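In what follows, a single structure is set out as structure tokens and then discussed.
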Amino acid sequence: MKKFVVIGSGTSGLIAAGMIKRYWGDEVQVSLYYDASKKNIAVGESTTPVVHLFLNAMGISTHDMIRDLSTTVKLGINFKNWIPDTEYFHGFQEVNFWGEADNSSAVYSIPNDSYDGGLLFNKATTTLPQEGFDYSHALHIDTQEFSNYITKKLEKEIEFVDDVAERINIKDNQIESIDFRSSGNVAADFYIDCSGFNSLLINKLDTEWNDITDELPIDRAIPQQIPHEFDEIPSYTLAEATDNGWIWQIPIGNRYGTGYLYSSRFTSDEEAREKYNSWLLEKFGVGLETDRIIKYKPGYYQDAWVGNCLAVGLSSGFVEPLESTGIHIIVKQVYDFISLNSNLRFLEYNRKKFNEINLRGYKAIIDFICLHYNTNRVDSEFWKYMTENKTEWVRDFDEKCRYEFVDASNLGNNSTRFVWPLDSYIQVANGLNMFDKEAIIEFLDSKRNKNQILEFAKEHHEYTVLKKNENKHIPHKQIIASIHK
Ligand SMILES: Cc1cc2nc3c(=O)[nH]c(=O)nc-3n(C[C@H](O)[C@H](O)[C@H](O)COP(=O)(O)OP(=O)(O)OC[C@H]3O[C@@H](n4cnc5c(N)ncnc54)[C@H](O)[C@@H]3O)c2cc1C
């Protein structure tokens with residue numbers, strides 16, 4: 001039996017402990033230590049469809065999540081005012097999550113003015129497909145409620161210990177043991193660092209920190225929950241750009257989770273609080289009621305798995321939450337760790353492979369988030385900086401969109417579609433007006449197999465439009481109410 005020690009009972013600690021225990025069962029003993037006086041970060045409410053890898057491992061369905069908690073369903077993200085006075089939708093795609101969307105129909109539909117958004121979900125609505133939950137979807141969750149729910153389910157399988165890790169004993173870049181305030185010295189075969197921004201274990205080991213402040217300078221967030229009685233429940237997260245960052249808005253139970261994100265390079269805390277206060281007053285008629293400001297360093301560790309320690313979630317790094325990738329990264333990290341290490345041998349080969357996949361994942365996420373800032377706005381110091389400091393990949397991708405068209409081979413660090421399919425990139429690029437109809441037509445004219453490309457794309461387009469129309473939607477609120485009943 002291998003012994004695992006997990007530090008932290010936030011979303012990462014619970015997901016890591018749960019997936020490890022449910023996969024290896026009696027082959028492992030999992031002890032989870034947490035510091036009850038150090039609260040979990042208590043944000044992280046918008047997920048991606050990858051959350052189901054964890055929920056499936058726990059035997060929890062979407063139906064359970066709605067019945068037992070204040071969960072709502074998310075079909076995508078609505079981006080408002082990224083180009084002022086416009087909005088666009090990035091929807092999840094239909095079945096065949098990793099494959100089908102490599103062949104986008106947009107090369108036909110954009111020049112024909114019939115582009116219809118993503119493969120299944122094309123616009124921000126307050127409805128859901130009528131049929132069950134067998135389509136690609138994510139969830140909006142109340143983090144605290146979710147943590148309590150998962151903790152309860154794991155109580156009998158995992159040892160939960162409220163104790164503070166005070167000293168990490170390291171030898172030869174491996175953790176020998178940890179000294180806890182009450183439990184004393186504890187040793188394990190493997191350690192999972194889920195200690196949040198503290199990075200308590202990983203920062204004692206030999207791995208470099210990659211700072212990404214120059215690419216994505218947002219480094220502060222002010223979160224606030226707003227009680228709200230929904231007449232209609234949005235089936236999406238709203239990401240609304242401001243003149244110095246953006247605001248998230250997530251519908252959960254009888255409230256919205258909101259948060260104001262900005263960069264300390266360009267905006268003072270006072271200014272951010274004032275702007276957020278005005279936004280809250282205008283939108284919800286309530287003012288800012290919190291003093292809390294979350295401060296973080298955007299970036300990630302080069303190796304998340306070092307020696308006998310794996311850093312998961314915030315302890316391994318953080319990229320701003322524009323595409324809700326926090327929980328996505330956690331689940332993928334634990335899933336990849338388990339898949340590569342199924343026989344519990346912790347091979348050096350598997351460690352390197354894991355780090356390679358994890359690194360590529362972080363880079364792909366950074367590229368895609370940077371793409372959202374390709375607005376060419378110059379209406380504030382923040383936007384001027386974002387426009388003047390585009391990453392090389394964004395500049396190249398922008399050129400390809402403007403003068404030709406894109407396919408799955410243009411996704412840079414995401415070449416293996418680690419995170420999003422081509423369809424996602426097209427939705428964002430189209431939302432930011434990066435395509436030129438005439439250029440696409442000219443580009444197609446240069447192709448010897450133009451007719452074949454167009455025929456295929458047209459068929460694909462017609463098929464997806466048909467599927468979208470076939471799928472009757474009913475109000476989100478009605479579905480939630482019927483499950484609660
Ligand atoms: C502003 C913001 C918005 C976000 N929005 C989203 C989103 O919409 N979607 C999404 O997927 N993700 C989002 N995230 C990321 C998400 O919040 C995190 O990935 C997730 O909550 C996991 O956090 P964690 O468990 O790694 O850390 P935390 O929740 O910080 O937990 C750390 C744990 O470590 C324990 N601990 C610390 N030190 C010690 C010690 N010495 N001894 C014992 N225990 C210790 C603490 O007690 C705590 O239990 C957001 C993050 C931020 C900052």
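Both ligands and their constituent atoms are indexed starting at 1 by order of listing. Note that the coordinates shown come from a computational prediction; the quantities given were computed from them, not determined experimentally.
For ligand 1 and Gly8, the ligand atoms under 4.0 Å from any heavy atom of the residue are 33 (C), 34 (O), 35 (C), 49 (O). Under a 4.0 Å criterion applied to the non-hydrogen atoms of Ala221, ligand 1 contributes the atoms 1 (C). The distance from ligand 1 to the heavy atoms of Ile330 drops below 4.0 Å at these ligand atoms: 19 (O), 22 (C). For ligand 1, the atoms sitting less than 4.0 Å from at least one non-hydrogen atom of Tyr34 are 43 (C), 44 (N), numbered in the order shown with element in parentheses. Per-residue contacts place Pro321 under 4.0 angstrom from the following atoms of ligand 1 (heavy atoms of the residue considered): 3 (C), 4 (C), 5 (N), 6 (C). In the vicinity of Val164, heavy-atom distances shorter than 4.0 Å reach the ligand 1 atoms 41 (N), 42 (N). For ligand 1, the atoms sitting less than 4.0 Å from at least one non-hydrogen atom of Asn198 are 37 (C), 38 (N), numbered in the order shown with element in parentheses. Here is the list of ligand 1 atoms found below 4.0 Å of a heavy atom in Leu200: 40 (C), 41 (N).
Across Asn185 and Ser177, no two heavy atoms sit closer than the pair ND2-OG, 2.9 Å.
Residue Asp35 has at least one N or O atom closer than 3.5 Å to an N or O atom of ligand 1. Between Ser9 and ligand 1, an N or O atom pair is found at a separation short of 3.5 Å. In terms of polar-atom proximity, defined here as any N/O pair under 3.5 Å, Lys39 makes no such contact with ligand 1. Residue Ala165 places at least one N or O, backbone or side chain, under 3.5 Å from an N or O of ligand 1. Annotation: Lys38 places an N or O atom under 3.5 Å from an N or O atom of ligand 1; distance criterion only. Polar contact check, Leu314 against ligand 1: a nitrogen or oxygen pair lies under 3.5 Å apart. Note: an N/O pair closer than 3.5 Å links Thr11 and ligand 1 by distance alone.
At the top of the distance list for atom 17 (O) of ligand 1, counting protein heavy atoms only, stands Val43 O, 3.0 Å. For atom 29 (O) of ligand 1, the closest non-hydrogen atom of the protein is Ile41 N, 2.9 Å. For atom 12 (N) of ligand 1, the closest heavy atom belonging to the protein is Gly326 CA, 3.4 Å.
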* Would you please test Phe284 and Tyr256 for ring pair (Phe, Tyr, Trp, His ring centres under 6.0 Å) and show each step? => CA-CA 10 Å; Phe284 295 109; Tyr256 270 118; 5.4 Å; yes
* Asked: Going through the distances and angles, do Trp246 and Glu320 end up as a side-chain hydrogen bond (donor to acceptor under 3.5 Å, both in side chains)?
  -> CA-CA 11 Å; Trp246 62 277; Glu320 63 162 90; 2.8 Å; yes
* **Test ring pair (Phe, Tyr, Trp, His ring centres under 6.0 Å) applied to Phe121 and Phe92, step by step** => CA-CA 6 Å; Phe121 308 119; Phe92 301 128; 7.4 Å; no
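Contact between Asp163 and ligand 1 is present, with at least one heavy atom of the residue lying under 4.0 Å from the ligand. Judged by the shortest distance from any of its heavy atoms, Gly259 lies outside the 4.0 Å radius around the atoms of ligand 1. Residue Phe318 places a heavy atom under 4.0 Å from ligand 1.
For Arg351 and Phe346, the positive end is not near the middle of the six-membered ring at less than 6.0 Å and at most 45° from its axis. Both tests pass for Lys153 against the ring of Tyr149: distance under 6.0 Å to the centre and angle within 45° of the axis.
Aromatic rings of Phe368 and Tyr425 (six-membered ring for Trp) have centroids within the 6.0 Å cut-off, being under it.
Phe266 CZ to Asp219 CG: the interatomic distance, rounded to the nearest 0.5 Å, is 10.0 Å.
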